[in-house]
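I have placed the structure first, in the form of structure tokens, so that the comments after it can refer back to it.
Side chains are part of it too, since the values below use all heavy atoms of this structure and drop only hydrogens, waters and symmetry mates.
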Amino acid sequence: AAQFRILDEPILRRLIERGATPDVFTAVILDDTDLLNRLLESDLGAISRRPLDPGNPWIPAAPGAHIYSYTIGNVALHQLATHHGREKTYRLLWERSGPGLRLVMAAWRGDREAAQMLLAENPNRLPTLGSHDLRLLPDAAWARKTDCVRLLLELGFDPNIRGGEASTAIDRAAFHGFDDVIEAILPYQPDLTVRNAYGGTPLGACIYGSIHGWRKDGDYPRSVRLLLDAGAPPPETVSGSPEVQAVLREYVK
């Protein structure tokens, strides 16, 4: 019940007061440092574990995916704290984190000075980061955190690292038509032929998203043009929204 109502703080707090079992994610939403500290002490790996990681002891398997898939998403604790402005628990997470996790925490917050300082202290730190940390780049592209995308690429993150649904950062941005994010990634020569979990390329994801995407703040026609001008193989047939089709007809002969 507590997990199901994680974003309804008064109800969440009451449920836990009445005996619902908390987890580290509910502790962050409540900004309860004492609770979060106890939970982290009982499960040391929880500080870097995402909700949908296989074998997560906090998250039972569920048909159709766990409720967190639809409420908070498959985010790390520091991302959750940042997104919801939970400063007390964010500071606790920072205090309990090693230099590698602090690096990605600073980058996600857009704290260029802290991120560059942490990397300067150990220039070999980036190759030691795990896939959970490196997927911060496609996460940032999906969330349209353009400044974060730029910072991560400047720090040396691989533009082709895979994130959710086996998608790269440019694929994640293309699905929503985030032309500014695509523009930030292209100078780093991302692979424009790589396929996501559904078999789509970044251009294919952009065309598909122009019809089926739920974000309405992107610019699909410009995104398609950017990808094609950067060398993305044009599709064999014209599809997508009418505006996207108009761009494709300039390239598909």
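Residues Glu121 and Pro99 fail the side-chain proximity criterion, which asks for heavy atoms closer than 4.5 Å. Within the 4.5 Å cutoff, no side-chain heavy atoms of Val149 are placed close to those of Phe157. Side-chain contact between Leu7 and Ile29 is present, with heavy atoms from C-beta onward closer than 4.5 Å. Side chains of Asn124 and Leu126 form no contact here, defined as non-hydrogen atoms less than 4.5 Å apart. Side-chain atoms of Val24 and Leu36, non-hydrogen and from C-beta on, do get closer than 4.5 Å to each other. At least one side-chain heavy atom of Leu186 sits under 4.5 Å from a side-chain heavy atom of Ile170. Using a 4.5 Å heavy-atom threshold, the side chains of Ile67 and Gln3 count as touching. At least one side-chain heavy atom of Asp53 sits less than 4.5 Å from a side-chain heavy atom of Arg50.
Atoms CZ and CZ, from Arg144 and Phe178 in turn, are 5.5 Å apart once rounded to the nearest 0.5 Å. Here the CD1 atom belonging to Ile182 is positioned 9.5 Å from the CG atom belonging to Leu203, to the nearest 0.5 angstrom. Distance check: Leu77 CG to Met105 CE gives 9.0 Å after rounding to the nearest 0.5 Å. One finds the CZ atom of Arg222 at 4.5 Å from the CG atom of Leu226 (value rounded to the nearest 0.5 Å). Note: Trp142 CH2 to Ser167 OG = 7.5 Å, rounded to the nearest 0.5 Å. To the nearest 0.5 Å, atoms OG1 (Thr201) and CG (Leu227) are separated by 8.5 Å.
Across all non-hydrogen atoms, the minimal contact from Ser42 to Leu39 is OG-O, 2.7 Å. Here the shortest heavy-atom pairing between Thr89 and Ala27 reads CG2-O, 3.9 Å. Between Cys148 and Ala140, the shortest heavy-atom distance links the atoms SG-CB, 3.8 Å. Across Leu15 and Ala1, no two heavy atoms sit closer than the pair CD1-O, 3.6 Å.
Heavy-atom contacts from other residues, nucleotides or ligands closer than 6.0 Å to CD of Gln189 number 12 or fewer. In the displayed structure, Glu236 atom CD is contacted under 6.0 Å by at most 12 heavy atoms of other residues, nucleotides or ligands. No more than 12 heavy atoms of other residues, nucleotides or ligands sit less than 6.0 Å from atom CZ of Arg5.
A salt bridge does not link Glu41 with Arg38: every distance from a Lys NZ or Arg NE/NH1/NH2 to an Asp or Glu carboxylate oxygen is 4.0 Å or more. At a threshold of 4.0 Å, the pair Glu9-Arg86 counts as salt-bridged, since one of the basic side-chain nitrogens sits closer than that to a carboxylate oxygen.
Cation-pi geometry between Arg109 and Tyr90 is met: the NZ or CZ atom falls under 6.0 Å from the ring centre, inside 45° of the normal.
In the model, Tyr68 has a side-chain atom that pairs as donor or acceptor with a side-chain atom of Asp23 under 3.5 Å. For Tyr251 and Asp229, the side-chain atoms include at least one donor-acceptor pair closer than 3.5 Å. Under the 3.5 Å distance criterion, with hydrogens and angles disregarded, a donor-acceptor pair is assigned to the side chains of Arg96 and Asn37. Asn160 and Asp191 form no side-chain donor-acceptor contact under 3.5 Å, judged by distance and modelled atom types alone. Checking Tyr220 against Glu243 by side-chain atom types alone, no donor-acceptor pair falls below 3.5 Å. Side chains of Asp43 and Trp58: a donor on one and an acceptor on the other come within 3.5 Å. Between the side chains of Asp180 and Thr146, a donor-acceptor pair is found at a separation under 3.5 Å.
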Self-check item: Test side-chain contact (heavy atoms from CB on, under 4.5 Å) applied to Asp147 and Leu151, step by step
Solution: CA-CA 6 Å; Asp147 289 342; Leu151 176 56; over 6 Å; no

Exercise. Kindly determine whether Trp94 and His78 satisfy ring-ring contact (aromatic ring centres under 6.0 Å, His included), including the steps that lead there.
Key: CA-CA 8 Å; Trp94 180 273; His78 70 87; 9.6 Å; no

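Of the possible polar contacts, one joining the Ser223 side chain to the Gly177 backbone as a donor-acceptor pair under 3.5 Å is found.
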